[in-house]
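Here is the naming used below: chain letters follow the sequence lines, and residue numbers restart at 1 for every chain.
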Amino acid sequence: MALEGEMVLKWEREQARLRESVKEEDTEDWQRSPDFSGLERVGGVDLSFIKGNDINACAHLVVLTYPHMKLLYEDCKMVTLNAPYVAGFLGFREAPPLLQALEKLKNEQPNLMPQVLFVDGNGLFHYREFGLACHLGVLSDLPCVGVAKNLLHVEGVLRSEEHHSQALRSSQSSTKPVYVSVGHRITLDTAVKLTHTCCLYRVPEPIRQADIRSREYLRCHVLTSDMG
DNA sequence: GCGACAG
DNA sequence: ATCTTGTCGC
């Protein structure tokens, strides 16, 4: 494999290329509606890992009803990740298996395709304005919202936050904010409002369910590595 | 120079 | 991301 330095240069070029396809606009009718009427399905994705293992993970996709957040579809699969985690390049590590899950859904239950996807991580709020939510958005062409639980220390953070990210105190009980940013085919304003309506707790329900269920899967189906 | 740095 | 139970409080 190439040295990490070379790989990063290649990734930076790829991000710059794909960045041009990000649409920071509301492209769907429901996004223009004050109460999001017409929105019926919201998706969420997440990956969970086992303690000392950073190449095998459980990739989870859920689709919930809107606005009631009831489970419509769920898919879970053990995957092998090909790229290491490098801050700022999460998409190259996590997007491939998540895109596969979306592809599977499109082939087997196209009627359950989510109309918008919540992604665990940033969108335009990113060093090169191309976080995981943009990566997934462009490659799937699905409207995407990035929701990060921690602040990514981007150069000029304050300016970035003003322009395409918003710290949101999603629920009354939570002091710690989440950081919402545009992934694809949605405005920041719509992304923030939508996130708010999907939060029962701090993290939007689609992401929360994907997270809970993927961990649950690992608990029940994966023996600890030292047992096998 | 050292640390910080989405998941 | 993950290692980790109970516990205090609204």
Quiz item: Would you write out the dot-bracket form of DNA chain C, 5' to 3', with Watson-Crick and G-U pairs under 3.5 Å, [ ] for crossing pairs, | for pairs to other strands and . for unpaired bases?
Solution: ..........
Quiz item: Hey, do the aromatic rings of A/H221 and A/Y217 have their centres closer than 6.0 Å?
Solution: yes
Self-check item: Boundaries of the DNA chain C segment in contact with chain A, non-hydrogen, under 4.0 Å
Solution: C/dA1 to C/dC3
Touch class at under 4.0 angstrom, heavy-atom based, for [X] against every strand present:
X      : answer
A/G88  : base
A/D120 : sugar-phosphate
A/F89  : base
A/D46  : sugar-phosphate

Quiz prompt | Contact interval (first through last nucleotide) of DNA chain B with protein chain A, 4.0 Å heavy-atom | solution =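 Both ends considered, the range comes out as B/dC5 to B/dG7.
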Self-check item: Watson-Crick or G-U stems of DNA chain B, 3 or more pairs, under 3.5 Å, by first number
Solution: none
Quiz prompt | Listed partners of A/R13 passing salt bridge (charged side-chain N to carboxylate O under 4.0 Å, His left out), at least two apart | solution = none
Sequence neighbours excluded and cut-off under 3.5 Å, please list the side-chain donor-acceptor pairs for residues 114-121 of chain A, or say none.
unit_1, atom_1, unit_2, atom_2, d
A/Q115, OE1, A/E40, N, 2.7
A/Q115, OE1, A/R41, N, 2.9
A/Q115, NE2, A/G38, O, 2.9
A/D120, OD1, A/K149, NZ, 2.8
A/D120, OD2, A/K149, NZ, 3.3

Practice problem: Taking the side chain as every heavy atom from C-beta outward, state whether A/E94 and A/L132 have any atom pair closer than 4.5 Å. | Solution: yes
Exercise. Begin with the C-alpha distance, continue with both residues' side-chain angles, and end with the deciding distance and a verdict on side chain to side chain contact (heavy atoms under 4.5 Å, CB included) for A/L218 and A/F49.
Key: CA-CA 8 Å; A/L218 289 182; A/F49 296 79; 5.6 Å; no
